[in-house]
Colleague: 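After the structure tokens below, expect a handful of questions from me.
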Amino acid sequence: MLREIRPAIVLLLGLTAITGLGYPLAMTGIAGAIMPSQAQGSLIERDGKVVGSSLIGQEFKGEEYFHGRPSATLGPDPQDSTKTVPQPYNAINSMGSNLGPTSKALIDRVKEDVEKLKAENPSMPVPIDLVTTSGSGLDPNISPEGALFQVPRVAKARKLPEDRVRQLVTEKIEGRFGGLLGEPRVNVLALNLALDAASPK
């Protein structure tokens, strides 16, 4: 019987070593050599300090910053570990809200967000990505329309001309991959860093 089991055990151990250890280490090494920034998480630094990743959104609350999409990610409640509480852009718990189009909670939340945004900029229609979450809850990008919608608020809070802030948005628009795939987008963190650099101290 051992003669029949031995090849299976050897094959299991061999494939585990190749696919569970050798292959991941080789791919990590190759990725680190070819694309070191991406292999380290596409981290963004300012003044030698990591401020975020271009792949994971983060919450900006101040009036002087552009805001990203709403995030539905959750985390453990510090007061009660059996419950969860909203933790926007929690990369450990990537998820959407799973609320359907007939959900009253979703409809009420979107209506409330739309009203707040209409008060902020009544002259433009509210872009859909500013009131809906992404599937992962971690989307670092917004549409160019979503960024341009926020220009009056940001310009007023920064005491900058709207044309200057609009120019920053235009400079940060990324096109479709290869001119075909995806949609034009603006990375919120990159835009806010450019805004900080352009604002008077």
Side-chain angles (χ1 to χ4, degrees), residues 35-73 86-91 94 96 109-201:
M35 302 175 292
S37 173
Q38 290 89 335
Q40 294 300 317
S42 299
L43 301 177
I44 296 176
E45 293 185 7
R46 181 171 65 179
D47 301 327
K49 181 181 175 186
V50 174
V51 294
S53 167
S54 64
L55 302 176
I56 298 176
Q58 55 185 275
E59 190 174 27
F60 292 94
K61 291 185 177 179
E63 296 291 301
E64 71 277 12
Y65 285 109
F66 285 90
H67 302 159
R69 296 183 72 168
S71 175
T73 56
Q87 287 185 359
Y89 300 103
N90 178 4
S94 171
R109 200 264 307 153
V110 169
K111 280 183 179 175
E112 185 181 327
D113 288 353
V114 167
E115 291 307 313
K116 284 181 188 172
L117 289 168
K118 278 184 179 175
E120 175 185 312
N121 187 352
S123 65
M124 285 180 69
V126 177
I128 192 72
D129 58 314
L130 293 184
V131 294
T132 56
T133 63
S134 66
S136 68
L138 306 176
D139 196 346
N141 305 313
I142 55 175
S143 66
E145 296 78 17
L148 291 169
F149 180 89
Q150 300 179 64
V151 164
R153 169 181 50 80
V154 173
K156 182 179 178 184
R158 294 270 178 162
K159 297 181 173 61
L160 287 171
E162 284 190 23
D163 287 344
R164 177 66 184 119
V165 178
R166 197 171 288 109
Q167 179 188 358
L168 284 173
V169 170
T170 304
E171 290 170 1
K172 291 297 175 184
I173 294 174
E174 302 171 36
R176 291 179 170 89
F177 182 75
L180 297 171
L181 302 176
E183 292 295 325
R185 62 207 174 278
V186 178
N187 186 283
V188 178
L189 176 57
L191 177 58
N192 282 330
L193 289 174
L195 186 62
D196 280 345
S199 297
K201 302 296 181 196

Colleague: Using every non-hydrogen atom in the two residues, find where Ser71 and Gly137 come nearest and quote the distance to one decimal.
Modeller: OG-O, 2.6 Å
Colleague: For Phe66 and Arg153, work out which heavy atoms get closest and say how close.
Modeller: CA-NH2, 4.4 Å
Colleague: CG of Asn192 to CZ of Phe60: how many Å apart, nearest 0.5 Å?
Modeller: 4.5 Å
Colleague: Counting C-beta onward and ignoring hydrogens, is there a side-chain heavy-atom pair between Asp139 and Asp129 closer than 4.5 Å?
Modeller: no
Colleague: Nearest 0.5 Å, please: how far is CD in Glu112 from CZ in Arg109?
Modeller: 9.0 Å
Colleague: Once you round to the nearest 0.5 Å, how far does CZ of Arg69 lie from CD1 of Ile142?
Modeller: 10.0 Å
Colleague: Judged by atom type as modelled, is there a donor-acceptor pair below 3.5 Å linking the side chain of Arg185 to the main-chain atoms of Gly175?
Modeller: yes
Colleague: Which heavy atom of Leu189 sits nearest a heavy atom of Val51, and at what distance?
Modeller: CD2-O, 4.3 Å
Colleague: Compare every heavy atom of Leu191 with every heavy atom of Val186, then report the nearest pair and how far apart it is.
Modeller: CG1-CD2, 3.8 Å
Colleague: Find out whether the Lys NZ or Arg CZ of Arg158 is both under 6.0 angstrom from the six-membered ring centre of Tyr65 and within 45° of the ring's axis.
Modeller: yes
Colleague: What distance separates Asn187 CG from Ile44 CD1, expressed to the nearest 0.5 Å?
Modeller: 5.5 Å
Colleague: Please tell me if the side chains of Pro140 and Ile56 come closer than 4.5 Å, counting only heavy atoms from C-beta onward.
Modeller: no
Colleague: Checking Ser42 side chain against Ser53 main chain: does a donor-acceptor pair fall under 3.5 Å?
Modeller: no
Colleague: Nearest 0.5 Å, please: how far is CD in Glu120 from NZ in Lys156?
Modeller: 10.5 Å
Colleague: Starting at OH of Tyr89, measure out to CD of Glu59 and round the result to the nearest 0.5 Å.
Modeller: 7.5 Å
Colleague: Would you say Glu45 and Val50 make side-chain contact, with heavy atoms under 4.5 Å?
Modeller: yes
Colleague: Please give me the minimum heavy-atom distance between Asp113 and Pro70, naming the atom from each residue.
Modeller: OD2-CG, 4.5 Å
Colleague: Can you check side chain to side chain contact (heavy atoms under 4.5 Å, CB included) on Leu130 and His67, steps first, answer last?
Modeller: CA-CA 8 Å; Leu130 293 184; His67 302 159; over 6 Å; no
Colleague: If you take all heavy atoms of Pro184 and Ile173, which pair is closest and at what distance?
Modeller: CB-CG2, 4.4 Å
